[in-house]
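Heads up: the structure comes next, in C-alpha cells.
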Amino acid sequence: MGQFSQINAVIEAYTDWARPWMFYDSVVSIERLADDERSLITAIWSEGCNERHWSDGSVPEGSAAAELALEQSFPALSAKARSRVVRAAAYQWK
C-alpha cells in the first residue's frame, strides 16, 4: 500500500490538462520515483490505454470501461488517480 501512496500522489499531482498528451511522460519522469514505481505506473497507463476499452464505443463508454478495468486491476489506485489516468487515456483515443 505504501508504494501506491507515492504513485497516487504523483498521478494526482498532474494538472496540466492543456497538454494531456504530456501526462504519462510527466508522471514517470518524476525523480523521486523508484524504478518499480515507474514500472507500476507504466502498467497502469498500459491498462488505461488498452485498445479493448476504447475501440468499440464512444469516449464516455471507453472511459467507463477503462475506469472499471483500472479499479479491478489496481484496487489500491485512488479514485482521483484513476480519473486522471482515464482522462489522459481518453485524449489518446479521441
Side-chain angles (χ1 to χ4, degrees):
M1 190 63 134
Q3 182 180 43
F4 267 92
S5 295
Q6 175 86 320
I7 289 169
N8 284 327
V10 299
I11 291 173
E12 290 173 9
Y14 187 82
T15 59
D16 189 5
W17 295 111
R19 300 182 321 153
W21 60 88
M22 295 296 299
F23 173 82
Y24 174 76
D25 289 338
S26 295
V27 171
V28 296
S29 68
I30 293 175
E31 291 183 21
R32 71 179 184 263
L33 291 171
D35 288 342
D36 61 332
E37 291 168 327
R38 280 190 182 81
S39 294
L40 194 48
I41 290 170
T42 298
I44 290 165
W45 179 243
S46 180
E47 180 61 43
C49 290
N50 192 299
E51 182 178 6
R52 75 179 182 278
H53 308 312
W54 301 98
S55 62
D56 289 333
S58 66
V59 171
E61 290 169 332
S63 295
E67 176 91 25
L68 180 60
L70 287 170
E71 185 175 13
Q72 292 172 344
S73 297
F74 304 99
L77 193 62
S78 71
K80 186 174 182 180
R82 277 194 317 271
S83 71
R84 294 264 198 283
V85 171
V86 170
R87 182 175 181 180
Y91 176 82
Q92 300 293 318
W93 284 92
K94 281 186 178 182

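Excluded from the calculations below are hydrogen atoms, water molecules and symmetry mates; all remaining heavy atoms, backbone and side chain alike, are included. For this chain, numbers begin at 1 and follow the sequence in order.
A distance of 4.5 Å separates CD1 of Ile11 from CD1 of Ile44, quoted to the nearest 0.5 Å.
Across every non-hydrogen atom of Ile41 and Ile7, the tightest pair is CG1-CG2, 3.9 Å. Scanning all heavy atoms of the two residues, the minimum distance from Gly48 to Ala66 falls at O-CB, 3.7 Å. Considering all non-hydrogen atoms of both residues, Val86 and Trp54 come closest at O-CH2, 4.1 Å. Between Ser29 and Asp25 the shortest heavy-atom distance is OG-O, 2.9 Å. Residues Val85 and Trp45 come closest through the heavy atom pair O-CZ3, 3.8 Å.
Environment of CG in Asp36: crowded, with over 12 heavy atoms of neighbouring residues, nucleotides or ligands closer than 6.0 Å. No more than 12 heavy atoms of other residues, nucleotides or ligands sit less than 6.0 Å from atom CG of Asp35.
Judged purely by distance below 3.5 Å, without hydrogens or angles, the side chains of Glu47 and His53 pair a donor atom with an acceptor atom. Checked by atom type, the side-chain pair Ser78/Glu12 shows a donor-acceptor distance below 3.5 Å.
At least one side-chain heavy atom of Trp93 sits less than 4.5 Å from a side-chain heavy atom of Cys49. Taking the side chain as every heavy atom from C-beta outward, Leu40 and Phe4 approach each other to under 4.5 Å. In this structure, Glu51 and Asp56 have side chains that are not in contact, with every pair of non-hydrogen atoms separated by 4.5 Å or more.
The hydrophobic clustering, which links ILVMFWY residues whose side-chain heavy atoms are closer than 4.5 Å, places Leu68 and Val59 apart.
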Evaluation steps, side-chain contact (heavy atoms from CB on, under 4.5 Å), between Asn8 and Lys80: CA-CA 8 Å; Asn8 284 327; Lys80 186 174 182 180; over 6 Å; no
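Checked against the 6.0 Å centroid criterion, the rings of Tyr91 and Trp17 do not qualify as a close aromatic pair.
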